[in-house]
2 protein chains.
Amino acid sequence: MVLDRVAAKWSIGIPIAAAHGPVRFTELERAINGISRRMLTLTLRRLERDGHLVRTVYPTVPPKVGYSLTPMARELHASLTGLVGWAERHRSAIAEARAAYDSAVEP
Amino acid sequence: MVLDRVAAKWSIGIPIAAAHGPVRFTELERAINGISRRMLTLTLRRLERDGHLVRTVYPTVPPKVGYSLTPMARELHASLTGLVGWAERHRSAIAEARAAYDSAVEP
DNA sequence: CGGGATCCGAGGAGATACTG
DNA sequence: CAGTATCTCCTCGGATCCCG
């Protein structure tokens with residue numbers, strides 16, 4: 001499904017981090033908390049393959065690579081930030097719901 | 001992360017299918033294309049655990065179970081349908097981008 | 001700097017069969 | 001009807017090391 005890609009683990013943070021303009025690899029690595037080099041690379045490749053990102057390589061020393069959103073991906077931005085905002089607003093409520101569920105079921 | 005749950009493979013379709021009111025297990029199974037009994041059960045449990053769904057069992061014969069969204073989950077609905085709408089609008093563009101990427105890289 | 005290669009374990013996910 | 005149980009295969013994702 002197309003949504004599998006959009007909603008994959010790291011595929012939400014990257015478009016948000018890249019929304020304000022071309023972003024470099026290391027910037028993304030710092031901006032997205034907890035992502036590993038490997039998953040950043042893999043996710044970038046997938047997003048590029050699906051036409052969400054454009055990858056630009058500058059033949060300089062040291063190497064420099066910029067990632068920017070395609071217009072298509074830019075349309076997603078509102079929904080994505082909506083999702084993230086929701087998650088932050090309800091983070092604690094969800095934690096409580098989990099604790100309540102677990103204490104009601106496990107013992 | 002909280003978003004992992006929201007964005008997990010089947011966790012998008014269920015809230016959308018359950019948005020219009022209490023929905024029964026079999027209704028969900030029919031509404032969500034391609035989901036297996038097992039994944040439906042597992043995903044329902046997780047959503048219930050995270051406080052997105054309320055599960056109501058009616059002690060009748062045959063058994064009857066209704067799933068409805070909590071207010072918290074209802075807030076998500078707009079973002080979710082936004083995501084789905086976007087995915088449908090760009091389905092073909094994404095398929096083309098993949099084909100182009102693959103033919104440029106693989107050979 | 002921006003990756004690729006490899007190894008490995010944990011969880012995701014289908015198929016199938018059984019049940020209160 | 002609404003699930004469990006089990007078995008199995010597969011993908012995700014972290015850790016580590018290497019490279020132009």
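Numbers restart at 1 for each chain; the letters A, B, ... are given by sequence-line order, proteins then strands.
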**Prompt:** In Å and rounded to the nearest 0.5 Å, what is the CG to OG1 distance from Asp50(A) to Thr70(A)?
**Reply:** 10.0 Å
**Prompt:** What are the bounds, 5' to 3', of the part of DNA chain D that sits under 4.0 Å from heavy atoms of chain B?
**Reply:** dC1(D) to dT6(D)
**Request:** Would you indicate whether the side-chain heavy atoms of Leu76(B) and Pro15(B) approach each other to under 4.5 Å?
**Result:** no
**Asked** Does the side chain of Tyr101(B) come within less than 4.5 Å of Arg45(A)'s, by heavy atoms?
**Response** yes
**Prompt:** Which of residues 29-46 of chain A sit near DNA chain C, with a heavy atom under 4.0 Å from it?
**Reply:** Arg37(A), Arg38(A), Thr41(A), Arg45(A)
**Prompt:** Tell me, do Lys9(B) and Thr43(B) make a side-chain contact under 4.5 Å, heavy atoms counted?
**Reply:** no
**Fill in**
salt bridge (charged side-chain N to carboxylate O under 4.0 Å, His left out) pairs touching residues 72-88 of chain B, sequence neighbours excluded, are Arg89(A)-Glu75(B)
**Qualifying residue for side chain to side chain contact (heavy atoms under 4.5 Å, CB included) with Arg38(A), from Leu42(A), Thr41(A), Ile35(A)** = Leu42(A)
**Prompt:** Counting any heavy atom closer than 4.0 Å, what does Tyr58(B) reach on the DNA or RNA strands: base, sugar-phosphate only, or nothing?
**Reply:** nothing
**Item:** pair Val57(B)-Pro63(B): side-chain heavy atoms closer than 4.5 Å
**Value:** no
**Message:** Can you tell me how far apart CZ (Arg24(B)) and NZ (Lys64(B)) are? Round to the nearest 0.5 Å.
**Reply:** 5.5 Å
**Nearest-nucleotide 5' precedence on DNA chain D, Trp10(A) against Arg55(B)** = Arg55(B)
